[in-house]
Amino acid sequence: MIAGMALVTFAIRYSMFPISGRFQFPELFKQGLRYVPPAVLTAIIVPSVLMSNGETLNLKLSNPYLIGALAACVTGGLFKNLLLTIVVSMVVFMGFQWAFAVRW
Amino acid sequence: MDKRNTIFTRKSSPLSQFFEGAKDTFPLIVGAIPFGIIFGTLATTAGLSFGATMGMSMFVFAGASQFVCLSLVVAGTAWPMIVLTTFVVNLRHMLYGATMVPFYKKLNPLWKMLLAFGLTDETFAVAVNRYNQKDGVPGKHYYNLGSMVFMYTNWNLCTIIGLTAGNAFPGISHWGLDFAMPATFIGIVIPYLVSKPMWASVITAGTVSIMAGGLPHKLGLMVAALAGVTAGVICEKVFSRKKELV
């Protein structure tokens, strides 16, 4: 698995060098590539936040993942600082999880 | 030695270029540190061995896809699917390679391979910035190399630290570190959200990921990502057409 991952990653990063000059990217493909990182990451974020048990949709406000994710969105949107976003939302998430564990 | 001469020697020697590259990568390293440590910690909780985790950081060396791989391993995904997902997640690096082609033109194949291996988001961002400064200083590949070596060393060190922490505190998986991944990803996605097509892309990807959540082999991720990319491109087309009308 790791060999495969290493191979495809290197192939992607290197592939352009030997074939350059003989090949032009279609404009549409170039356009699409820009959307790949946010689209892929969002497709990972949303299920892990809203379906944290892997099966059912949990939109309740008692869902600590949802609360943490909202905190991350607010912090990220306000400060655009990755480290701060991670720290604040982790604290909110853990605090919320802890508060719930204590109450119930 | 007069001042001008000093600056010239400083900038043109391979070693000083190397360190300059490392220095300019520092702010990005700060962001990568928690990322690497969390990766190491999560890998233990995902059930990956020490060797497998280190192997991934040493040979794959692509943070986002390594995280995605962990979430797929936890879900019990078959390895061909993981490799395919890695391909999709890292496809953006092809654009980096394409950008670097003119800059690496005069280097020999070995240099090209080495620098291509280290073409992470961070090093690309730093190196392309340096290459675009038209100051005629030769040997910028040493600058690129410095950035890459610094990123690589840091990434592997942080992975070790995370692994050690994960092994030392087996209960660490209950501390809510599994939330670290979505938290990190949210922090990465937000700066992208500067245009309507980007919003369309992200909203579509999120919605589809829920609807397609039940697909086998975590195919939902790929379907959702493709839907998001398509939505972004279509939206961009629609907006540019409107502009042409005005």
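Proteins come first, then strands; the chains are lettered A, B, ... in the order of their sequence lines, and each starts at number 1.
Between B/F185 and B/F67, the ring-plane angle classifies as perpendicular under the 30° and 60° cut-offs. Using cut-offs of 30° and 60° on the angle between ring planes, the pair B/Y96 and B/F124 is parallel.
Across all their heavy atoms, B/M94 and A/I12 have their closest contact at N-CG2, 3.5 Å. Minimum heavy-atom separation, A/P47 to B/I210: CA-CD1, 4.3 Å.
Comparing A/A11, A/P38, A/G77, A/G76 by heavy-atom pairs within less than 4.5 Å of chain B, the highest count is held by A/P38.
The parts of A/I44 that come within reach of chain B are both its backbone and its side chain, each placing non-hydrogen atoms under 4.5 angstrom from that chain. With a 4.5 Å cut-off on non-hydrogen atoms, B/V208 does not touch chain A at all. For a residue to count as touching a neighbouring chain, one of its non-hydrogen atoms must lie under 4.5 Å from one of that chain's; by this rule B/P197 touches chain A with backbone and side chain alike. If you measure heavy-atom distances from B/T120 to chain A, the contacts under 4.5 Å come from both the backbone and the side chain. For B/K105, no part lies near chain A; criterion is any non-hydrogen pair under 4.5 Å. Heavy atoms closer than 4.5 Å to chain B are found in the side chain of A/S48, but not in its backbone. For chain B, the nearby part of A/F10 is the side chain; its heavy atoms alone come within less than 4.5 Å. Contacts of B/Y192 with chain A are made by side-chain atoms alone, with heavy-atom separations under 4.5 Å and no backbone atom involved. At a 4.5 Å heavy-atom cutoff, B/M58 makes no contact with chain A through either its backbone or its side chain. Contact of A/V49 with chain B is made through the side chain alone, with heavy-atom distances under 4.5 Å.
Taking the six-membered ring where the residue is Trp, the centroids of B/Y152 and B/F61 are separated by under 6.0 Å.
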